[in-house]
2 protein chains.
Amino acid sequence: MERPELPLQQLHAFVVLAEELHFGRAAARLGIAQPPLSQQIRRLEGKVGYALFSREPGRIGLTAAGRELLPAARHALTHLAQGLTAAREVGSGRAGHLRIGFAASLALTVLPSLLRTFRERFPAVDLDIQEMTTTPQLAALRERTIDIGLLREPPARDAELGFETVLTEPFVAVLPASHPLAAQRAVQVEQLADCPFVLLPRAVGPPLYDQIAGLCIAAGFTPQVAQHAVEWQTVCALVGTGLGVSLAPESIRRIRLEGVAFRRIEPDTVRTRVAVAWRKNDPNPLVPGILAALNQDPPGTP
Amino acid sequence: MERPELPLQQLHAFVVLAEELHFGRAAARLGIAQPPLSQQIRRLEGKVGYALFSREPGRIGLTAAGRELLPAARHALTHLAQGLTAAREVGSGRAGHLRIGFAASLALTVLPSLLRTFRERFPAVDLDIQEMTTTPQLAALRERTIDIGLLREPPARDAELGFETVLTEPFVAVLPASHPLAAQRAVQVEQLADCPFVLLPRAVGPPLYDQIAGLCIAAGFTPQVAQHAVEWQTVCALVGTGLGVSLAPESIRRIRLEGVAFRRIEPDTVRTRVAVAWRKNDPNPLVPGILAALNQDPPGTP
DNA sequence: CGGAGTGATATCTCTAAGCGTATGGAGCGT
DNA sequence: ACGCTCCATACGCTTAGAGATATCACTCCG
């Protein structure tokens with residue numbers, strides 16, 4: 001790309017004059033006097049190297065070179081004007097797009113209401129949402145692959161990322177419907193001591209895993225993991241087949257599956273935190289926007 | 001179309017910086033020092049109203065607004081560069097297009113060689129050729145519908161149009177092959193006195209018509225027009241059916257038709273002039289080009 | 001022949017902006 | 001702690017060019 005040689009202002013004058021074919025009117029449309037317009041055109045012609053208009057007394061017209069330059073000038077001007085307003089829309093936060101990573105377990109609780117209220121306030125914004133577990137979300141935020149994360153059990157503090165708790169929820173026991181404990185309204189955690197467990201791998205969200213394990217340990221046993229699954233959806237399905245039991249955040253109750261029962265646990269002192277995460281230095285004006293949307297719309301009331 | 005607000009130079013700097021993502025290298029590519037580049041970007045951001053780059057130490061990147069503006073800036077710059085070179089090509093006469101009107105009778109003589117030599121010298125030029133008789137050509141030239149005319153018997157002089165004779169040619173008699181006179185090598189014009197004539201209407205080219213009529217009158221008779229036809233092609237076809245005879249410029253010999261004979265006439269003192277016509281004030285640099293091509297390539301040697 | 005309309009020229013002013021050099025200051029590596 | 005890289009800032013110089021006003025030149029027309 002070489003250095004631009006034609007000042008935009010002169011091109012604007014050129015386009016207007018090409019439309020009016022009359023120096024006086026064109027100058028009026030441009031809001032300037034006639035002599036400056038003559039100068040502009042003259043300068044532009046000087047830079048192009050050839051006449052752009054044929055001036056015969058009484059009628060002026062485009063030359064062949066002028067006809068060639070006109071569409072390019074028009075394109076450039078309109079493109080730039082559009083690009084500029086688009087950039088301003090985006091800059092002001094009225095438009096743009098936002099890439100959101102979210103934990104699958106929130107697809108049925110936090111996410112729907114968030115999307116709804118955000119779309120109301122920023123109708124021109126495209127939201128790209130993708131399911132990711134906690135650890136990949138943190139990495140994606142740092143790599144700028146996503147702009148917003150919705151995750152569980154965020155780190156306490158981070159130099160680069162900001163976090164804000166969206167909601168806290170207790171854990172529930174996930175049981176096969178046929179399981180004897182499913183007959184109770186609530187389950188003592190220690191009653192699960194001898195059951196095989198279905199859990200998410202620790203790697204996808206160590207803090208959450210540790211919380212669950214911690215619940216068991218507090219109840220006096222170490223959970224025997226019979227099977228790992230990467231999504232809560234799958235965990236529930238496996239529990240439904242009788243493969244084992246699980247402990248999960250309450251919001252997965254929304255996953256309604258044949259043959260799976262959810263029961264309160266006792267004690268339910270431990271709660272899992274769901275937080276929104278963002279880059280502290282993100283210049284995208286939509287980031288404050290979505291944080292505001294989250295605060296305005298108290299989640300948990302989907 | 002509103003007033004352009006973004007100087008092209010700054011947009012250029014913006015695009016280069018967006019590619020390099022490094023002030024030092026971008027400045028080097030632009031051939032300037034680094035501080036001026038910082039200024040350019042700063043000014044541009046000032047005009048847009050929002051930051052275009054996120055500057056964190058060690059890594060700079062486009063903001064959302066910058067990503068929005070970038071393609072527009074690129075488009076504008078490349079479009080303008082292309083338009084500028086195209087305009088210069090056209091201005092210098094290396095490219096462009098030329099609308100040529102020509103008399104049908106020249107389709108087989110002057111035109112082919114002219115097109116060939118012109119295409120050699122100006123390969124990037126598009127030629128739009130259209131068949132027109134003399135009078136419409138003059139009108140089309142004045143209305144700027146065509147740029148070049150190839151016509152017969154031009155007016156002697158004209159305030160607006162220039163003419164230059166391309167070739168002169170004698171008239172020949174056009175006879176049915178079965179006609180008694182077709183047995184002779186040459187025909188005396190007065191021998192046609194009693195034959196019905198097939199001629200072009202006077203309106204499509206009064207001077208040519210008057211020349212033909214003049215030939216007859218000089219031979220002592222007034223031609224009896226049995227039939228008018230608008231093209232020489234048709235005239236010959238009608239002659240071939242035995243409808244009459246005609247007098248025509250020699251170049252229509254090229255129209256080879258079953259049952260039509262062409263014969264020299266005596267006296268052959270009168271010649272018809274074929275001329276090229278153009279607007280004297282036409283700024284199109286191709287006009288001199290085509291005149292030069294006509295002179296370089298002596299017509300009549302197709 | 002004179003006036004209207006139209007565009008070119010001449011002259012002046014003023015501002016924006018482009019560039020350079022010098023310098024400051026924040027990270028980052030050794 | 002030191003130096004290095006990289007970007008921002010400050011300051012000064014210089015110029016292109018955008019604008020205005022006044023005037024001239026040409027054409028057309030009544």
Side-chain angles (χ1 to χ4, degrees), chain A residues 2-63 66 77 142 159-160 279-281 283, chain B residues 2-49 51-63 66 77 142 159-160 280-281 283:
Chain A
E2 333 74 54
R3 171 164 264 176
E5 321 176 47
L6 309 181
L8 269 192
Q9 207 169 185
Q10 293 175 11
L11 287 171
H12 186 211
F14 165 62
V15 170
V16 171
L17 180 57
E19 284 167 0
E20 297 289 343
L21 290 181
H22 186 288
F23 276 76
R25 285 195 297 276
R29 249 183 69 183
L30 291 165
I32 62 175
Q34 169 262 319
L37 177 58
S38 285
Q39 284 184 18
Q40 302 259 41
I41 300 299
R42 176 156 295 281
R43 266 196 278 269
L44 183 60
E45 290 178 326
K47 291 190 182 159
V48 172
Y50 302 93
L52 299 171
F53 291 97
S54 63
R55 291 102 151 148
E56 314 151 40
R59 81 193 298 189
I60 86 177
L62 281 168
T63 64
L77 288 172
R142 279 184 234 279
E160 196 178 349
R279 284 184 295 279
K280 286 177 186 166
N281 60 14
Chain B
E2 334 74 52
R3 172 164 265 177
E5 321 176 49
L6 309 179
L8 268 193
Q9 205 170 351
Q10 292 174 10
L11 288 171
H12 185 210
F14 166 60
V15 170
V16 170
L17 181 57
E19 285 167 359
E20 297 289 343
L21 291 181
H22 186 286
F23 277 77
R25 284 195 298 276
R29 251 182 68 182
L30 291 165
I32 62 176
Q34 168 263 318
L37 176 58
S38 285
Q39 284 184 16
Q40 302 261 39
I41 299 300
R42 177 158 291 284
R43 266 196 279 266
L44 184 60
E45 290 178 326
K47 291 191 180 157
V48 172
L52 300 172
F53 292 97
S54 63
R55 290 103 151 147
E56 316 151 38
R59 81 192 299 188
I60 88 176
L62 280 168
T63 63
L77 287 172
R142 280 184 233 279
E160 196 178 349
K280 286 177 185 167
N281 61 15

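Chain letters run A, B, ... following the sequence lines, proteins first and then strands; every chain starts at 1.
Whole-Å rounding puts the A:Leu8 CG to D:dG17 C1' distance at 14 Å. Atom-to-atom, CZ of B:Arg59 to C1' of D:dT5 comes out at 17 Å; the value is rounded to the nearest Å. Counting to the nearest Å, the C1' atom of D:dC6 and the CZ atom of B:Arg25 are 11 Å from each other. For A:Leu21 and C:dG7, the CG to C1' distance is 14 Å, given to the nearest whole Å. Rounded to an integer number of Å, the gap from CZ of B:Phe53 to P of D:dA8 is 10 Å. Atom CG of B:Leu37 is separated from atom C1' of D:dT9 by 14 Å (rounded to the nearest Å). Counting to the nearest Å, the C1' atom of D:dA20 and the CG atom of A:Leu30 are 15 Å from each other. Per the geometry, CD belonging to A:Gln34 stands 12 Å off C1' belonging to D:dC24, to the nearest Å.
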Using the 3.5 Å cut-off, write out each protein N or O paired with an N or O of nucleotides 14-17 of chain C and the distance between them.
from: C:dA17; atom 1: OP1; to: B:Lys47; atom 2: NZ; distance (Å): 2.4

Could you list the protein-to-nucleotides 27-30 of chain C atom pairs, N/O on both sides, closer than 3.5 Å?
none

Dump every N/O contact between nucleotides 10-15 of chain D and the protein below 3.5 Å, one line per pair.
none

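Closest approach of B:Phe14 to B:Leu62, counting heavy atoms only: CE1-CD2, 3.9 Å. Contact detail for A:Val48 and A:Leu6: the closest heavy-atom pair is CG2-CD2, 4.3 Å. Smallest separation of non-hydrogen atoms from A:Leu37 and A:Ala27: CD2-N, 3.5 Å. The nearest pair of heavy atoms linking B:Phe23 to B:Ile60 is CE1-CD1, 3.5 Å.
A search for side chain to side chain donor-acceptor pair (under 3.5 Å) contacts involving B:Ser54 returns nothing, not counting sequence neighbours. Legend: residues meeting side chain to side chain donor-acceptor pair (under 3.5 Å) with A:Arg42, ordered by chain and number and at least two apart, are absent. In this structure B:Arg55 satisfies the salt bridge (Lys or Arg N to Asp or Glu O under 4.0 Å) test together with B:Glu45, sequence neighbours excluded.
Counting only heavy atoms from C-beta outward, the side chains of A:Val15 and A:Glu19 approach each other to under 4.5 Å. Side-chain atoms of A:Phe53 and A:Thr63, non-hydrogen and from C-beta on, never get closer than 4.5 Å to each other. Between A:Leu52 and A:Leu17 the shortest side-chain heavy-atom distance does not fall below 4.5 Å. Within the 4.5 Å cutoff, the side chain of A:Gln39 has no heavy atoms near those of the A:Pro35 side chain. Counting heavy atoms from C-beta outward, A:Pro7 and A:Lys47 have side chains that approach closer than 4.5 Å.
Note on A:Ser38: a side-chain N or O is less than 4.0 Å away from OP1 or OP2 of C:dA8. Distances shown here put a side-chain N or O of B:Arg42 below 4.0 Å from the OP1 or OP2 atom of D:dT9. Taking 4.0 angstrom as the limit, A:His22 places none of its side-chain polar atoms (N or O) nearer than this to OP1 or OP2 of C:dG5.
The side chain of A:Ile32 has D:dG19 as its nearest neighbour among D:dA8, C:dC19, D:dG19.
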